[in-house]
Amino acid sequence: MAAPARKVSLTGIKPTGDPHIGNLIGAIRPALSLVEEHDSIYFIADYHALTTIRDPEKVREYTRSVAATWMAAGLDTERTVFYRQSDVPETFELAWVLSCLTGKGLMNRAHAYKAMRDRNAEAGRDDLDAGVNMGLYNYPILMAADILLMNSDLVPVGRDQTQHVEIAADIAGSFNHHYGSSFRFHVPRAVVPEAEAGRTLPGTDGRKMSKSYDNTIPLFLPEPKLKKLIRRIPTDSVPVEEPKDPDSSPVFRILEQFADADTTAETRKRLEAGGVGWGELKNQLFEVLNEQLRDLRARYEELMLPGSELDRALAEGAEKARRRARPLLDQVRAAVGM
């Protein structure tokens, strides 16, 4: 009996800023772990970035930075498909086909669009669509094209992105209903990484680590800047000799995501017993983070150099992606009558 076909896992990475340790814990490591079980595909969603970024140099910089980050973190381009969205034009032809099957009401319910309208309402604007470009409005359809073009089964996303995968599944269902006698898309489902499903990584202000809060710890800070940033994380005024609650401390909660189990358990015990100050804990966090990020930082800097293997890897990845995309799009074209 033949072995069952491996499921296809697709991860999209939007290049909208410098990567931080929350990305490493919540997205990069969980997504890379899928390589062992699935046919894993990763792409840089550079066209998606145009909904918010108007500086072409920033788009290029962030795209290259994100690609280098994932490769430095362990993405093996020989075992996966890794490409820039902009290198696969089949995506955009499919997006038009899908848009013709997508009801406007479905787009009206998309979270990002609704949030923009809510902000306009709160600001007292008469035009609730002020500031809404069609890229933002149609964003879920382009994301559906990304997903369906690779016939993806699984899409690892954060909780705030699950609706986009559900929309892609709805659109796939519509296509299959109308054209399923000649071609059918796989219907994808979202996979929320365990780190995202449980406690989120706190930022330097104690809230969820997020670029929108400006409270991140960037992955590739030089050692002196990393140490200075960690020292600035606010703590309470419990004296050194008093017992402390580790779970109320963002410093400890970051530490436990990076330190080994024995180190975490020992540190928890010492904090609860008293005699350890927050300054000592911050020093420990710096040492643990710096040890884990040192090699990653060096590899990233190597990949960011002009003429590094990054460019070759993306060019080869684009060809792999198009080899998958072209036959599927041919089937879609035939199904709709082209």
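- In this structure, the separation between OG1 on Thr51 and CE on Met134 is 13.0 Å, given to the nearest 0.5 Å.
- Among Leu281, Val276, Asp262, the one residue that satisfies the side chain to side chain contact (heavy atoms under 4.5 Å, CB included) test with Thr267 is Leu281.
- The aromatic rings of Phe183 and Phe185 sit perpendicular, their planes meeting at an angle over 60°, well past the 30° parallel limit.
- Of the options Val288, Ile25, Thr264, a side chain to side chain contact (heavy atoms under 4.5 Å, CB included) to Gln257 is made by Ile25 and by none of the others.
- The six-membered or imidazole ring of Tyr83 lies away from that of Tyr42, with a centre-to-centre distance of 6.0 Å or more.
- For Asn215, the side-chain hydrogen bond (donor to acceptor under 3.5 Å, both in side chains) test picks out Asp205, with sequence neighbours left out.
- Residues Asn108 and Arg117 bring no donor and acceptor atom of their side chains to less than 3.5 Å of each other.
- Looking at Ser249, its side chain does come within 3.5 Å of a backbone N or O of Val251 through a donor-acceptor pair.
- Of the possible polar contacts, none joining the Thr263 side chain to the Ala259 backbone as a donor-acceptor pair under 3.5 Å is found.
- Applying the 6.0 Å contact sphere to CG of Asp214 captures no more than 12 heavy atoms from other residues, nucleotides or ligands.
- Here the CD1-CG distance, from Ile21 to Leu226, works out to 8.5 Å after rounding to the nearest 0.5 Å.
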Checking Trp70 against Leu32 for the side chain to side chain contact (heavy atoms under 4.5 Å, CB included) test, could you report, in this order, the C-alpha distance in whole Å, the side-chain angles of both residues, the deciding distance, and whether it holds? CA-CA 9 Å; Trp70 280 71; Leu32 292 180; 4.0 Å; yes

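- Inter-residue side-chain proximity for Val88 and Leu149 is flagged as met; some heavy-atom pair is nearer than 4.5 Å.
- With respect to Asp153, the side chain to side chain donor-acceptor pair (under 3.5 Å) criterion is satisfied by exactly one of Lys7, His186, Arg189: His186.
- Arg54 pairs by the side-chain contact (heavy atoms from CB on, under 4.5 Å) definition with Asn133, not counting sequence neighbours.
- Counting heavy atoms from C-beta on, the side chains of Tyr179 and Leu101 come closer than 4.5 Å.
- For CG of Asp127, the number of neighbouring non-hydrogen atoms (other residues, nucleotides, ligands) closer than 6.0 Å is greater than 12.
- Counting all heavy atoms, side chain and backbone alike, His48 lies closest to Tyr139 at ND1-CE1, 3.3 Å.
- The shortest side-chain heavy-atom distance between Arg207 and Pro202 does not fall under the 4.5 Å cut-off.
- Here the side chains of Glu36 and Arg79 are in contact, with some heavy-atom distance below 4.5 Å.
- Here Lys227 contributes atom NZ and Leu289 contributes atom CG; the two are 13.0 Å apart, rounded to the nearest 0.5 Å.
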Check against side chain to side chain contact (heavy atoms under 4.5 Å, CB included), Val157 and His164: CA-CA 9 Å; Val157 290; His164 285 137; over 6 Å; no

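- Going from atom CG of Leu310 over to atom CE of Met304 covers 8.0 Å, rounded to the nearest 0.5 Å.
- Of the inter-residue distances, the one linking Arg326 atom CZ with Leu329 atom CG reads 10.5 Å to the nearest 0.5 angstrom.
- Ser308 and Glu302 form no side-chain donor-acceptor contact under 3.5 Å, judged by distance and modelled atom types alone.
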Run the numbers on Leu154 and Leu34 for side chain to side chain contact (heavy atoms under 4.5 Å, CB included), then give the verdict. CA-CA 10 Å; Leu154 308 173; Leu34 296 174; 5.8 Å; no

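- Considering all non-hydrogen atoms of both residues, Lys282 and Arg232 come closest at NZ-C, 4.5 Å.
- For the pair Lys244 (side chain) and Glu242 (backbone), a donor-acceptor distance under 3.5 Å is present.
- Listed by chain and residue number, nothing satisfies the ring-ring contact (aromatic ring centres under 6.0 Å, His included) test with His20 (two or more places apart in sequence, or in another chain).
- In terms of heavy-atom proximity, Ala110 sits nearest to Gln163 at CA-OE1, 3.4 Å.
- When only modelled atom types and interatomic distance are considered, Thr91 and Tyr47 share no side-chain donor-acceptor pair under 3.5 Å.
- Contact between Arg253 and Pro246 at its shortest, heavy atoms only, is CG-O, 4.4 Å.
- No donor-acceptor pair under 3.5 Å is formed between the side chain of Arg119 and the backbone N or O of Leu128.
- Aromatic ring orientation, Tyr137 versus Tyr113: perpendicular (interplanar angle above 60°, classes split at 30° and 60°).
- Between Ser9 and Pro156, the closest side-chain pair of non-hydrogen atoms falls below 4.5 Å.
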Walk me through whether Gln85 and Ile44 qualify under side chain to side chain contact (heavy atoms under 4.5 Å, CB included). CA-CA 6 Å; Gln85 180 189 39; Ile44 311 299; over 6 Å; no

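- Residue Arg64 holds its CZ atom at 4.0 Å from CG of Asp311, rounded to the nearest 0.5 Å.
- Counting only distance, with no hydrogens or angles, the side chain of Arg6 and the backbone of His38 share a donor-acceptor pair below 3.5 Å.
- Scanning all heavy atoms of the two residues, the minimum distance from Ile171 to Ala144 falls at CD1-CB, 3.9 Å.
- Note that Arg297 lies outside the cation-pi zone of Phe220, set by a 6.0 Å cut-off to the ring centre and a 45° limit from the axis.
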Please test Asn283 against Arg231 for side chain to side chain donor-acceptor pair (under 3.5 Å), starting from the C-alpha separation and ending with a verdict. CA-CA 8 Å; Asn283 289 338; Arg231 297 292 299 182; 3.0 Å; yes

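- A donor-acceptor pair is defined here as one N or O able to donate and one able to accept, closer than 3.5 Å; no such pair exists between the side chain of Asn138 and the backbone of Ile141.
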